Every structure is written in structure tokens, then in C-alpha cells.
Amino acid sequence: MKLRGRFTLTLALAALVPITVAAVTTRHMIASKATDTYLKKRENAKAAVEGALGRLSNQVSGVVRSLASPKHPYVDGMVVDSLKDSLERVDFARWREQSQPWMQGLSLDVLAIGIAERDDAPPRVIVAPHYKALEREDLPELRGKVLASQGRAFFHLEEVGGTEGSGTGQPATKRILVAEAGMRFEEHSGLVFRYGYVLAGRQVTAELLKPIHEGGQDTDARIVAPGGGVLVPPGPYWSALAGDDLIRVPLDGIDGKPVAFVEIAVSNKDLAVLRTLTYLSAGLALAALGAVVLIGLLVARRTARDLDALVEGSLAASRGDLDHRVPVRSKDEIGAVASAFNFMMEDLRTSKERLVIAERIAAWQEIARRLAHEIKNPLTPIQMAMDTLRKTWKKQHPSFDEILEESTTTVLQEADRLKHIVAEFSDFARMPKPDFQRVDLNEVVRSALTLYQGALALDVKLGELPQLDADKNQLNQVVLNLVENARDAIGKRPNGKITVATRLGEAGDRAVLVVEDNGPGVPGDLKDKVFAPYFTTKHAKGGTGLGLAIVHRIVSDHGGRIAVSDAPGGGARFSIELPLRNGTALLASRI
């Protein structure tokens, strides 16, 4: 089957997924009524609890407003009585005795009344039947709660208790959840003012959850603290319902943060059948999807295997391995591409062989021409010196000794020059292959540049680099040759500067070394020739043209690239890319 047919089959099988989704959607539409009923039941349960909370809050707020109203026979009378004398002489015992009936009559579990002589002073607690240890105490917390409440109810974990039953004379206390509210009022007689603070509350009990408990076996509720402790226990059906999704209604404190939660459990037994049906539909959909994926994987595996072979062949071609061939496993489009790739590799190998032979002949012709030129230059003065020497000898010239000294000196100098040229040519021809080791390029650069400390204006910018596979000595030679080339370029310019920088390449698989100068730069027509052996623009300075050729060969032996370009501020920039791992092909230049 052709590749197009396999893709068509895969897409046809993939259609099973939307069919399965459509079946699940249909099931959901049929079951929507049951789901709506369940959600309505949850909403009703939450609304019942919120209604009970609202009624409790309104009752507490009403009681507090009544206690803080003008001329109240109990609270207002206490404040008026305090106007007659100082707070130290208030009859605490009398007001405490009268507080119990008031608390019982108003169904209060918390009652605290404080009086202050100044508006900003903490109130003195006159009555606190729920927690007698507060009486006679100056309590800033009472003032803060009352001012924050202003008649609005809030929830609080309040300490209540007394000395009864403790056996130690110390207060035996406990913490209960209370719906509280507070109000402040003023009384005065002449210039004497008293500020009254009333805080009252009712305990939150199972009575609050009565609307839920009356719902039968389908609902239950409890009240818990944020840490998980149970404040009001649930009914008998909690254990059966608690595994379902709970509704949490917060009971906010004076600061707006929850001090407790009403947890409501609603039975979802009506959805049990739907849940089973959902699991069954999901299982069928997953089975269908698994079948589609399995078939797709089988088809894709075969296709990907052939494509992987083509990718491997392309990478081999990029590395220069033109003998690599990809297997042709089918007669479809991919098989045709594989056959065409093999034909291309064969043509490239043949063309490369012819090109290599032509390049070698051209290179040796150029080297022979340049070498002949280099050797010819010292031969001319040697020939002239020897000819002069012979003529003066025949003529028995009186200055023969002086001429002999000059001529032999010339011959020896030019012989040394020939020896130097031959030695450089020999060294270039015998350059060894790199000895690859793990090398820190930044350390190589630092070591090479120590030779120029104080002698050159160097701007060194070394980036973060991992170690790479390279020959440390050859890299050192590369840095030295490039810096020497840059030093010759800037000459004696007063503002001459050389920049050496390293960084990680954009592909993340290569290190980049840049050597830049602000000299005259490299003319455009010479950029393609600067790396050729024996090409130099410094004949007058004794240059042989092998420095950049050696750099180019070292970089090439390391599997890297070197390029020359114009620096942004003028001058030449030499950029080198080196792979981090030996044998890794640099598939795209990031220079």
C-alpha cells in the first residue's frame, strides 16, 4: 500500500475517537435530568444552612441592638450608675447577680459588658458571666470587637467557663463556636461621659443543622474548625454520605476569614447508575482509542523507520561519508526517495573524487608556484654575491677581503632564509592529527594571552562554556596565530585594540571563539584567499602566509569552521566554531 493509503487508513481509524465522544455526549444528555436533580438537592441543602445562619445572625444582632439601646433597664442602667462614681467603686456583685436572668431570658451563651471613661480607652469589663476571669479587667480586645462589629454578627471560638468543678480554684474553660455581635453607646451627666461596650452571642449547636437533619437519609451535616476538629457533630448518616463531594459553607470571623465551616453531605445514589454508565462509556472509548493508537503506531513505525534511515543518511552526507547508503524496503514514495538518495550519494562521491583530484592538483600548483617564488628571492642575491666574488678574485681587487666578507655574509643570510622556508613548509606538511582530550577553551585562551599582558590592548570576554573535545596545544597555536595576525594588523595605531571573546553557540552544540581587531580589515577580494597556504600581504615584514593556513587546517581537523568578516567598528573579525563533541557534525553555521 502506498504512503497515501496508509495515512488515509490511519485517519479513518482515528474517526473512532469522535464517534466515541459523540456516544458519551449522548449519554450525558440523557442523564442530564438526574444530574440536575442532584445539583438542585445540593443547592437546597446549602440554601437551608445559609438561611439558618442568616436567622441566627439576625437574632444575635437584634439582641445586641436591644441591649445597647438608650434607657435599657439593665445595660444602660449599669452605665448610668457608673456616672455617679469612679469605675473602681462599681458594684460588680450586684450586676453579676442580675446578669444571669438576663442571659437566660435572651438565650445568650456569651455576654460581656465593659465601660470606659474615655473614647479611646480600653473598657473595664463589668460583667462577663460566660467567663468570669475577664471581670474587672481592662480589655482592649472587647473594644476592638465591638467597633469592628457595629451590630453585625460574626462567628468566634469563645472561651467560656468558671471555677465550678475544677477542683483547683482555677477556671475550667472550654472553647465553643459562638455567633456574636457588639455595639457601643454613650451616656453622660454634665461633663462626665461613660462609653458602654456590649458583646453578646449564642452558641452554634446542632439546632443550626436541623433543616439538614430533617432531610432524611439523603443529607447530613456537621461543623468543623479549619484544622479539621469537629465543633458540632453530624447526624447518624454522615459515615455513609461523607465519601461524596462535600459542600462547605464558611462561618466568617470578625476579620472576614473563616473560623469554621459547615460541611454538608448530599447523597449521590441517583448518580450511581450514571457513574457506572460513564465508566463503561469511557472504557469503550479508551479501548477504541487504544486500538486506533496501536494501529497508527504500527503504520507510523514502519514509515518512521524508513524516514529515520533517510535522516541518518543525510547526517552521514553532512559528515562527508559519501559511501553511506540507505536501505530500500518498499516500492512506495519513501522507497523512491531512498533510491533517489542513494543515486545522489553515488553522484556526489564520484563528483567529490574528481573535485578532490582537481583541487589537489590546483593546490600543489599554487604551492609550487609560491614556493618557487619564495626560493627564487634568496637565490638572486646569492647568485649576485658569488658572481661579484669571482670577478674580484680574477682581478685581484685590493678590497677583495672586504668584498669576500660581504658576499659570504649575504650567502649565509639567504641560505638561512631558504632553510626557514623549507622548515615551515616541512612543518606544515607534517602537521599531526589532533590528540583529542577534554579541554577548557577559556583556560586555553587565558593561558595563550598571558604572553601579551602589558604589551597589547586586549579586551577579553569569556562566556560560560562546557569542556569540549580538542587538542589543547593546537588550540593554543590557533589563538596565538590569530592574535599575532591581529597585532600585525593594528600596527602602531594609538587606539589599536584586539578583542578576544568566547561564547556558547546558538545551537548549544558548539563553542565559538572570536578574535577581532580595529585595523584596516581584509579587502573583499582577498577574503577567499586568506586561508590559502603561502598567501600573505606581509612580504615586506617577512611573512610566509602559513599562519592562517595552519589555523584553517587545525579548525578543519577539529570538525569546525572558520570565517573572516568585517568588524562592526572597522577591522577584521575571525570567528571559529568548534563542536563540543568530536565527530559531531555542525549542520548549520551559527557564525
Side-chain angles (χ1 to χ4, degrees), residues 318-320 359 363 366-367 424 427-429 431-436 439 441-442 444-445 448-449 460-463 465 468-490 498-538 543-568 571-591:
S318 70
R319 293 191 299 267
E359 288 180 345
E366 178 66 18
I367 291 175
E424 282 197 348
D427 291 340
F428 179 68
M431 185 178 295
K433 291 295 182 182
D435 180 16
F436 288 101
V439 172
L441 179 58
N442 287 337
V444 172
V445 172
L449 296 183
V460 183
K461 303 175 182 177
L462 303 182
L465 287 178
L468 67 155
D469 292 336
D471 187 313
K472 184 176 181 179
N473 293 328
Q474 290 190 4
L475 287 188
N476 186 73
Q477 188 175 1
V478 167
V479 176
L480 291 176
N481 282 352
L482 291 178
V483 173
E484 280 293 327
N485 191 71
R487 183 170 72 168
D488 292 339
I490 62 176
I498 300 173
T499 300
V500 181
T502 61
R503 59 180 172 84
L504 188 65
E506 296 177 11
D509 61 345
R510 67 201 70 196
V512 179
L513 169 65
V514 177
V515 178
E516 179 182 305
D517 63 71
N518 60 351
V522 179
D525 57 337
L526 298 182
K527 284 187 172 67
D528 295 334
K529 302 178 181 179
V530 293
F531 300 113
Y534 293 102
F535 174 82
T536 181
T537 60
K538 298 178 289 184
T544 61
L546 286 178
L548 291 179
I550 291 173
V551 170
H552 186 275
R553 178 166 176 178
I554 292 174
V555 173
S556 299
D557 287 347
H558 281 72
R561 295 188 183 91
I562 183 171
V564 59
S565 60
D566 295 330
R573 168 187 283 177
F574 288 86
S575 302
I576 295 175
E577 285 183 336
L578 296 172
L580 298 181
R581 287 290 182 181
N582 181 31
T584 303
L586 299 182
L587 299 182
S589 177
R590 295 293 193 271
I591 293 179

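Only a predicted model underlies this, so the values are computations on that prediction, with no experimental measurement involved. Position 1 is the first residue of the sequence; numbering continues from there.
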Criterion side chain to side chain contact (heavy atoms under 4.5 Å, CB included) against Leu465, the qualifying member of Leu504, Leu513, Leu580:
Leu504
Expected output: side-chain His558 to main-chain Ile554 donor-acceptor under 3.5 Å
yes
To the nearest 0.5 Å, tell me how far Asn485 CG sits from Leu480 CG.
12.5 Å
Would you give the length of the straight line joining atom CZ of Arg573 to atom OG1 of Thr499, rounded to the nearest 0.5 angstrom?
9.0 Å
For His552, which of Val478, Ile576, Ile562 qualifies under side chain to side chain contact (heavy atoms under 4.5 Å, CB included)?
Ile562
Shortest non-hydrogen contact between Ala489 and Pro520, atoms and distance:
O-CD, 3.2 Å
Between Asp517 and Ala567, the two heavy atoms sitting closest are O-CB, 3.9 Å
Here the pair of heavy atoms bringing Phe436 nearest to Asp557 is CZ-O, 3.7 Å
Between Ser575 and Val514, which heavy-atom pair has the shortest distance, and what is it?
OG-CG2, 3.9 Å
Taking atom CD of Gln474 and atom CG of Asp435, what is their separation to the nearest 0.5 Å?
9.0 Å
Glu577 to Val512 - nearest heavy-atom pair and separation
CG-CG2, 4.2 Å
Any chance you could measure Leu548, atom CG, to Leu482, atom CG, to the nearest 0.5 Å?
6.5 Å
Grab the two heavy atoms, one from Pro523 and one from Gly521, that are nearest each other, plus how far apart they are.
CD-O, 3.8 Å
Can any side-chain N or O of Thr502 pair as donor or acceptor with the backbone N or O of Gly463 at less than 3.5 Å?
yes
Quick one: CD on Glu484 to CD on Gln477, what's the gap to the nearest 0.5 Å?
12.0 Å
Output for pair (Leu468 CG, Leu441 CG), nearest 0.5 Å, gives 6.0 Å
